[in-house]
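Below: one structure, written as structure tokens.
Note that ligands are numbered from 1 as they come in the structure, with each ligand's atoms numbered from 1 the same way.
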Amino acid sequence: MDERVKKIDEAVEYIKTRICGKTPQVGIVLGSGLGNLADKIAAEAVIPYSDIPNFAKSTAIGHKGNLIVGMLAGKLVCAMQGRFHYYEGYPMERVTLPVRVMARLGVKTLFVSNAAGGINPFFSVGDLMIISDHINLLPNPLIGPNFEEFGERFTDMTSAYDRTLIFEARKAAAMLGIDVREGVYLANPGPSYETPAEVRFYNTIGADAVGMSTVPEVIVARHSGMRVFGMSVITNMSNVSNKETHLNDGQDVIDQADAAADKMERIFSAIIESL
Ligand code: HPA
């Protein structure tokens, strides 16, 4: 048996024992500062990552490191309270292992969230952005022998972010009176923030927001045949105006994300209800 599949299945078997063999339909990845969204889940199991075979340690700030399984908006969901990043030093296989695990548990739709820097000069701190597309400047997590158990060698990424789910998100935001933006998320490795020249470059190539995560999970989810919906909280404006006094700070990112978590939860819940 493929060693990689063995590792995934060990995690799957352990999680199944903790959730009485139930099948979560929806997966959620909660990014920096967004972990409190999990409080809205009627939890049936809260599983620390340290208990799950082959899960990495969550070392990033604002990432609690629990897998929460429970009901949200009438569906059984499986939520990651914190994710793994390439900048933490993990190979892509470990960064994306939880998404493979979710696929094996039966998850059909993945919601991804993150804190991101605003590149689009019309954005403001605190904005929510529906991710319509992405630009990947991280290594592709599908490099290596193809995981035939999950999907084909070449994964189509034309509609990586599901059009129907985006439509539902727009509808929900309008109904709830929540302003949302839409745009392209660019993933770069980090952990250093972007220089002004990099921000100008990313703006030129079509990015609206920049972060250090999410895209590996989305690629693996698409390879595994899941539908994907993604949302960013603009926690800081990247130094588009090129001010030398501008400083990016990790704690600001967490505080802004925390403030937006409630709005994001209401949009996620409305979409989940529509599934
Ligand atoms: N750059 C990269 N990642 C981020 C940022 C940023 O400005 N803000 C939150 N995550």
Side-chain angles (χ1 to χ4, degrees), residues 28-37 58-65 80-90 92 95-96 111-139 141 161 180-219 229-265:
I28 305 176
V29 182
L30 298 171
S32 301
L34 292 161
N36 288 345
L37 198 151
S58 207
T59 70
I61 53 165
H63 291 254
K64 289 188 183 160
M80 289 185 71
Q81 209 175 23
R83 59 154 56 86
F84 309 124
H85 304 81
Y86 188 62
Y87 69 71
E88 291 172 271
Y90 298 124
M92 277 300 174
V95 170
T96 57
F111 288 70
V112 287
S113 64
N114 58 53
I119 298 269
N120 184 325
F122 296 104
F123 285 4
S124 308
V125 169
D127 281 353
L128 290 178
M129 183 188 89
I130 295 171
I131 303 177
S132 56
D133 204 347
H134 72 223
I135 296 171
N136 186 27
L137 298 184
L138 284 166
Y161 300 85
V180 282
R181 310 282 196 161
E182 243 173 88
V184 174
Y185 175 86
L186 181 145
N188 70 170
S192 50
Y193 287 112
E194 300 69 38
T195 64
E198 285 166 340
V199 171
R200 284 195 299 277
F201 170 52
Y202 295 164
N203 187 33
T204 304
I205 64 173
D208 295 292
V210 58
M212 307 171 190
S213 69
T214 305
V215 168
E217 292 134 345
V218 171
I219 293 173
F229 177 76
M231 190 165 249
S232 299
V233 182
I234 305 302
T235 54
N236 56 290
M237 286 307 289
S238 278
N239 28 12
V240 269
S241 53
N242 206 10
K243 287 200 186 84
E244 281 163 18
T245 50
H246 181 99
L247 258 188
N248 282 313
D249 174 69
Q251 193 55 47
D252 287 350
V253 167
I254 302 300
D255 295 345
Q256 285 299 332
D258 190 38
D262 184 53
K263 284 193 277 185
M264 191 182 277
E265 179 271 320

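Side chains of M92 and F84 form no contact here, defined as non-hydrogen atoms less than 4.5 Å apart.
Within 4.0 Å of ligand 1, protein heavy atoms belong to A115, A116, G117, Y193, E194, V210, G211, M212, T235, N236, S238, V253, listed by chain and number.
Annotation: ring pair (Phe, Tyr, Trp, His ring centres under 6.0 Å) contacts of Y86 (sequence neighbours excluded): none. Listed by chain and number, the residues in a side chain to side chain donor-acceptor pair (under 3.5 Å) with E88 are T59, H85 (sequence neighbours excluded). Take T195 and apply the side chain to side chain donor-acceptor pair (under 3.5 Å) test, not counting sequence neighbours, and it matches E198.
Under 3.5 Å, the side chains of Y202 and N188 contain a donor-acceptor pair of N or O atoms. When only modelled atom types and interatomic distance are considered, T214 and R83 share a side-chain donor-acceptor pair under 3.5 Å.
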